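First the proteins, then the strands, lettered A, B, ... as listed; each starts at 1. Computed over heavy atoms, backbone and side chain alike; hydrogens, waters and symmetry mates excluded. Since we're looking at a predicted model, the values are computed, not measured.
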Amino acid sequence: MEMITEILSKNGLVFAFVVVGVVMWLSYQLSDRLSAGRLHGSAVAIIIGLVLAWLGGIATGGSKGLADVPMFAGIGLMGGAMLRDLAIVSTAYGVDIREIRKAGAAGVVALALGIFVSFAVGALVAAAFGYTDAVSMATIGGGAATYIVGPVTGTALGASSEVIALSVAAGLLKAVLVMIGTPFVAPLIGLNNPKSAMAYGGLMGTTSGVAGGLAATDKRLVPYGAMTATFYTGLGCLMGPSVIYLMLLAITGS
Amino acid sequence: MIIYGVAALAACHLAGVILGDLLGVILGVQSNVGGVGFAMLLLILSTDWLRRTGRLPQLSEQGILFWSAMYIPIVVAMAAQQNVVAALAGGPIAIIAGVGATIACMALVPAVARIGGQDAPLPPLMAQEA
């Protein structure tokens, strides 16, 4: 037994292919048998992935879900930022550049609005819970944008570690919600063409959330959503500690 | 050769990420700005040019399409390593801020997608095509 787990840890990435293959097969079976294909197999697979991440986190107390279990460390490589981004870029192959140019204006508006609205919601919630200083409001607002914007904003402004932790939790929750929720809200918000996908990517911003959510909805939408979402975190980190902090400072006065 | 396609994809990826990092430095942000987006544009433009000049044989194309087909499994692996425990442990502030921002932005999608005219939905997908 020990020998086998050692071999599996040594061949981490290869074992990850097997694990994910099994999860995919199981998910498509569940999707066909239990929902008659209504809930897409990839949506089921992402939900199972998140459950596994939760179990891994409970078991190890670590921050990388299932990948913190030594035997499953290869999941960390397979689903890490490097291969994820390579796969996202590859989905752009065959995309019609005219579609992107046509949706350009909508994408830019989506980005600005998405960052601003997320900060506003996060800052209002922070204030409602007694964090009425501009630094904490901007940090939690940044967390409501993405789990990277929050800590970057907080670190730049000198927020307390408690507030930074809250902002990370808010951002992580958003990523998980977008991954699970996208296929369910897609019919309600007309998320079925390249342009609405570009608007969606810009408004939601969380790359992992959008990447997972659109994969579970319709894989053909992935490149359009990913295209705008990839600008979001950078722009959020740019606006958070500057424009948005100054606006909050002007409103709160402290 | 298949590796030509993989190499072209990887080169676009790296060039895009470098551009994104440079843009981040220019803007003074501790983050990559649009790297993956630039990489996607580079891949679209370069493969379009290669195809039109007949320099992208089907075998090279396979090297790109393989990674495209691996996209969903990779996303599942990504889901399996999210910090779900921390996401759920943030208490009411984190939950209300996270859920509130998500719902507010989702609700804006139809309005923003209408800018410059409504688009027709994509044709329905064949089962198991993904």
Can you tell if the side chain of [X] reaches within under 4.5 Å of the side chain of [Y], non-hydrogen atoms only?
{"X": "A/Pro194", "Y": "B/Leu122", "value": "yes"}
{"X": "A/Lys64", "Y": "B/Asn83", "value": "no"}
{"X": "A/Phe17", "Y": "B/Met70", "value": "yes"}
{"X": "B/His13", "Y": "A/Ser90", "value": "no"}
{"X": "B/Val17", "Y": "A/Asp85", "value": "no"}
{"X": "B/Gln82", "Y": "A/Trp54", "value": "no"}

Per-residue contact mode, [X] against chain A (heavy atom under 4.5 angstrom):
{"X": "B/Leu27", "value": "both"}
{"X": "B/Leu42", "value": "neither"}
{"X": "B/Ile103", "value": "neither"}

Side chain, backbone, both or neither: which part of [X] has a non-hydrogen atom closer than 4.5 Å to chain B?
{"X": "A/Val95", "result": "both"}
{"X": "A/Glu162", "result": "neither"}
{"X": "A/Tyr131", "result": "side chain"}
{"X": "A/Met78", "result": "both"}
{"X": "A/Met24", "result": "side chain"}

### Query
Between the side chain of B/Gln81 and the main-chain N/O of A/Gly79, is any donor-acceptor distance below 3.5 Å?
yes
### Message
Can you tell me how far apart CE (B/Met40) and OH (A/Tyr224) are? Round to the nearest 0.5 Å.
### Response
9.0 Å
### Query
Just how far is it from atom CG of B/Leu88 to atom CD1 of A/Ile58, taken to the nearest 0.5 Å?
8.5 Å
### Message
Going by ring-ring contact (aromatic ring centres under 6.0 Å, His included), name the residues that satisfy it together with A/Tyr147, two or more places apart in sequence or in a different chain.
### Response
none
### Query
So which of A/Leu52, A/Leu113, A/Val222 has the biggest tally of heavy-atom pairs under 4.5 Å with chain B?
A/Val222
### Query
Which one of A/Leu83, A/Asp68, A/Val152 has the most heavy-atom pairs closer than 4.5 Å to chain B?
A/Leu83
### Summary
In terms of heavy-atom contacts, B/Ala79 and A/Ile46 come closest through CB-O, 3.8 Å
### Query
If you tally heavy-atom pairs under 4.5 Å against chain A, which of B/Ala86, B/Pro73, B/Ala39 wins?
B/Pro73
### Task
Count the heavy-atom pairs under 4.5 Å between each of B/Gly34, B/Ala77, B/Gly28 and chain A, then report the option with the highest count.
B/Gly34
### Message
Give the interface residues of residues 92-101 of chain B toward chain A, defined by a heavy-atom separation under 4.5 Å.
### Response
B/Pro92, B/Ile93, B/Ala94, B/Ile95, B/Ile96, B/Ala97, B/Gly98, B/Val99, B/Gly100, B/Ala101
### Query
Hey, which residues of residues 2-12 of chain B are touching chain A, say heavy atoms under 4.5 Å apart?
B/Leu9, B/Ala10
### Face-on cation placement of A/Arg220 at B/Tyr71 ring, 6.0 Å and 45° thresholds
no
### Task
Could you please state which residues from residues 206-214 of chain A sit under 4.5 angstrom from chain B, measuring non-hydrogen atom to non-hydrogen atom, sorted by number, or 'none'?
A/Ser208, A/Ala211, A/Gly212
